[in-house]
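Comments concern the structure below.
Just so we're on the same page: letters track the sequence lines, and every chain starts at 1. Since this is a predicted model, take the numbers as computed values, not measurements.
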Protein chains: 2
Amino acid sequence: MKKIFLKDIAAELNLSKTAVSLVLNNRGDENKISKETQKRILDFAQKNNYRPNQMARGLSLGKSETIGLIVPNISDIFYARIAHHIELRAKTLGYNVVFSSSNEDAKMEKELMYSMLNRQVDGLIIASTQKNKDEILKLREANFPFVLIDRHYPDIKTNYVIVDNFGGSKNMTQHLLKNGRRNIGLVSIKSELDAILQRRLGYETALVEEGLEINAGILKELDPFAYKSEMKDAIKDMVSGLTGIDAIVFTTHYLAASGLRELKLLDVKVPSEVAIISFDELGAFDLVDPPISTSKQPVDDIGNLAVEILVNDIEKKNIKIENQSILQTQLLIRKSCGV
Amino acid sequence: MKKIFLKDIAAELNLSKTAVSLVLNNRGDENKISKETQKRILDFAQKNNYRPNQMARGLSLGKSETIGLIVPNISDIFYARIAHHIELRAKTLGYNVVFSSSNEDAKMEKELMYSMLNRQVDGLIIASTQKNKDEILKLREANFPFVLIDRHYPDIKTNYVIVDNFGGSKNMTQHLLKNGRRNIGLVSIKSELDAILQRRLGYETALVEEGLEINAGILKELDPFAYKSEMKDAIKDMVSGLTGIDAIVFTTHYLAASGLRELKLLDVKVPSEVAIISFDELGAFDLVDPPISTSKQPVDDIGNLAVEILVNDIEKKNIKIENQSILQTQLLIRKSCGV
DNA sequence: TTGAAAGCGCTAACAC
DNA sequence: GTGTTAGCGCTTTCAA
C-alpha cells in the first residue's frame, strides 16, 4: 500500500506524465495513444493501486466534484432521508457530498456556506433558514450553482425543489371537515418560513371555504426551540371548555409527536374527542397510538431532483429540467382522524 | 463578491505572498512581522472578503481538514443522530465531514473508503459491514487515522467506540424474566456482525443463568433485506400454540417496529399476552402503542468520542484518550414489558 | 522583518 | 503519438 504518484508510473514506464494522465482520464483514444501503451498504463496503475490525489486534481481542474449540503439538522429524520437520496444520486453522477447542520441559525448557515465555498464545492444544496437573502443573492450574482430545497425565497428567482405546503395543508384540513369536525385547531411554530406560513394559509383557506370563521384562540404558534414546554399549555388551552376543539392540524411531525404526548397525558381520547393530523411523516407514525394521518412529503424526489438540477447547472449541460419544482404531498389517512 | 487571491492582496499592499500568508495563518507574531503590517493585511483581507482556496491549501499542507464518515445508511435514525454529533464535534475542532452510505455492502464500503482516501480526508470514521478486514488492516498498516464505531473487528486491534451489546441485551432479557416471563423469544437478523451476535449471546446468557433452556424454535433470525416480509411468519410461528411465547426481545429498532406491526395485525395483546423490548431507540418509541422499552445507545457519546479519538490521532496530540471504548446502554422501561 | 523561489500532484496547451 | 512546460493557489525554506 505504498503511495504511488503519476510521475512514478510515468518514470517506471518510460513515458511522460501527460500520456499517463490522458490515458487515466479515458482520453487516450481521443489523443491517439496506442492501445498498447494504454494497456500498459492501465495495468500498471491497477496493479500498483494508483489513486489520484483529488486535491491536486481539483486544484488543477478548478473543481472538486463535491457538492455541499446544508440542512437545519441532519438528525431530523426528514432531512436525513433527503440527505440519503441526495447522496445516492450524487454518487451515481460522480459527486461526493459534504454536509453541515445550521441549527436554524442564519449566521451559522452563512458561515457554512462560505466554509463550503472555501472548500471549493462545485455546488450547494440548501434547506435554508430563509434569513440569508443577501447571501443567496450573492451566490446568484456570482453565478454559483445552487438549489434550495424544502424552503425557498419566494421573492428571489432561484432553483428550488419544494412541496405544495398550501395544498397539502388544505387537504388535511378538508379531510377533517369532511369527517364532521367543525372546531379545528392548528398547532404550528412561530416562524417566518414561507413553508410554515403556507401550511397555515392552507388550513385557514379550507376553513373559510367551508364558511367557518378562523378563531385565533385555537391557532397556536410555538417557539421552535421551546415547543416541548409550550405544548402543554397550548393543548390544555385548546381542549378546555372555552374553546373545546374537536381536531388539531399540526404543521410538522415533531409537533404532532409532542402534541399527542400531551393529549395522552391529559387523557384526551384521540380521535374520538380530538382528531389529529400532521404534515410530514415520522417513520413510526403508523405504529403510534393511534396511527397518525399525515401529508407525506416525497423525500426521494426532493433529493433526486435537487441533485439533478444542481449537476445540470454545474456541468452546464442545459438539459431541459424544470428547475423550480413544487412537488405534491400525499395524504395518508390513518386512525388519528377518526374513520 | 469578486474573487480575490493571496497574490492580489500581496500586490495591492506591496508585500510578499509570504508575509500575507504568515499573517493570515496567525503566525505573524512568531515571525516578527510588525503589528502595523499585520493590521493592514488583516483589514484588507477582511474588507475584501478574502477566502483561501482550501484545495490549494490542502495540497500544499498535505491535509484537507476533512474527515470521512461511512455508515450503512445515513437515513437510519440511529446513524443520522451519530452523524449529527460527529458533525458538531468535528466543526468545533476545525474539521468538515463528508459522508457516504455503504448500504451494508462490503464492496461498496471498500470503494467508499478509497474514494475518500483519494479525496485526501485526514481520517475516517466507519460503521463497518465488518467484512472488510483486509482493508482495515491496510489502513492500520499505512498508519492512517481511523476509528470504528458501532461495529468493530474483534480480532483486530484498532480504535473503536462501541456499546456493550452483550450487557445491554442481557439486561433487557433479565428485565423480562424478573417480570415473570418465562418463554422469551428473540427476533434478530441473520448477520455476522459481532454486535448482533453479542446481543443474541446476552439474551441466551440471561436465560441460561436463570436455568432456562434455549429453544431454537423461538429464536428467529431474519434476512436483513427481507425482514419485513419474513416477520409475519416469524411472529405467527412464535405466538402459535406450539411455542406460545410470552415475550420477545428484538435486537434492533426496526425489527421491533416491524414486529409490533405484525403482532397488532394478529391481534396479539402487548404486553398482556406478549411483552416486547428492543435494542436501540427509534425516537418515537415512547409514542408507540404500547410505548416500547429499549436499551438506548448513547449516540452523542459515540459521535463525540469517535471524533475526539480520531482528531487526537490525526494531530498526533497524544492526549491520553481511551481509544477503545465500550459504552453502556441505558435500559428504558416502558409499557411494552408489562409493568 | 521581508521576499524569492521551490514545491504539493495533477492537467493541458503546445511543440516535436 | 509523445514529451515539455507552465500553471492551479497556497505554504515554507532560506537568504537577504
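- In this structure, the nucleotide among C/dC8, D/dG1, C/dT11 sitting nearest to the side chain of A/Lys32 is D/dG1.
- Here C/dT1 presents its C1' atom at 19 Å from NZ of B/Lys17, a figure rounded to the nearest Å.
- In this view, A/Asp300 satisfies the salt bridge (Lys or Arg N to Asp or Glu O under 4.0 Å) rule with no residue, not counting sequence neighbours.
- At a threshold of 4.0 angstrom between heavy atoms, the contacts of B/Asp29 with the nucleic acid are absent.
- Under 4.0 Å is where a charged nitrogen must lie from a carboxylate oxygen, and between A/Asp43 and A/Lys47 no such pair does.
- The distance from atom CG of B/Asp8 to atom P of D/dC10 is 9 Å, rounded to the nearest whole Å.
- Shown for residues 40-57 of chain A: no residue has heavy atoms falling under 4.0 angstrom of DNA chain D.
- Counting only distance, with no hydrogens or angles, the side chain of B/Asp122 and the backbone of B/Lys63 share no donor-acceptor pair below 3.5 Å.
- Atom CG of residue B/Leu310 and atom CD1 of residue B/Ile67 lie 5.0 Å apart, to the nearest 0.5 angstrom.
- The CG-P distance, from B/Leu13 to C/dG3, rounds to 10 Å in whole Å.
- Atom P of nucleotide C/dG9 and atom CG of A/Leu6 are separated by 11 Å, given to the nearest angstrom.
- The CZ-C1' distance, from B/Arg119 to C/dG9, rounds to 16 Å in whole Å.
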(request) In sequence, state the C-alpha distance, the side-chain angles, and the governing distance for B/Tyr153 and B/Ser128, and then conclude on side-chain contact (heavy atoms from CB on, under 4.5 Å). (result) CA-CA 9 Å; B/Tyr153 290 73; B/Ser128 173; 2.7 Å; yes
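- For A/Ser21 and C/dT11, the shortest distance from a side-chain N or O to OP1 or OP2 is below 4.0 Å.
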Please list each protein N or O that sits under 3.5 Å from an N or O in nucleotides 14-16 of chain C, with the distance.
none

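- In this structure, A/Glu104 pairs ionically with A/Arg151, as a charged nitrogen and a carboxylate oxygen lie closer than 4.0 Å.
- The CD1-C1' distance, from A/Ile4 to C/dG9, rounds to 13 Å in whole Å.
- Distance A/Leu22 CG to D/dT4 P: 15 Å, rounded to the nearest Å.
- Salt bridge annotation for A/Asp134-A/Lys110: absent, with no cationic side-chain nitrogen under 4.0 angstrom from a carboxylate oxygen.
- Note: CG (A/Asn25) to P (C/dC10) measures 10 Å, nearest angstrom.
- Side-chain atoms of B/Ser60 come within donor-acceptor range of the base of C/dG7, with a qualifying N/O pair under 3.5 Å.
- For the pair A/Thr92 (side chain) and A/Arg89 (backbone), a donor-acceptor distance under 3.5 Å is present.
- The side chain of B/Arg27 approaches D/dT12 more closely than any other nucleotide in the set D/dT2, D/dT12, C/dG9.
- Electrostatic pairing of B/Glu111 and B/Lys107 does not count as a salt bridge here, judged by no charged N lying under 4.0 Å from a carboxylate O.
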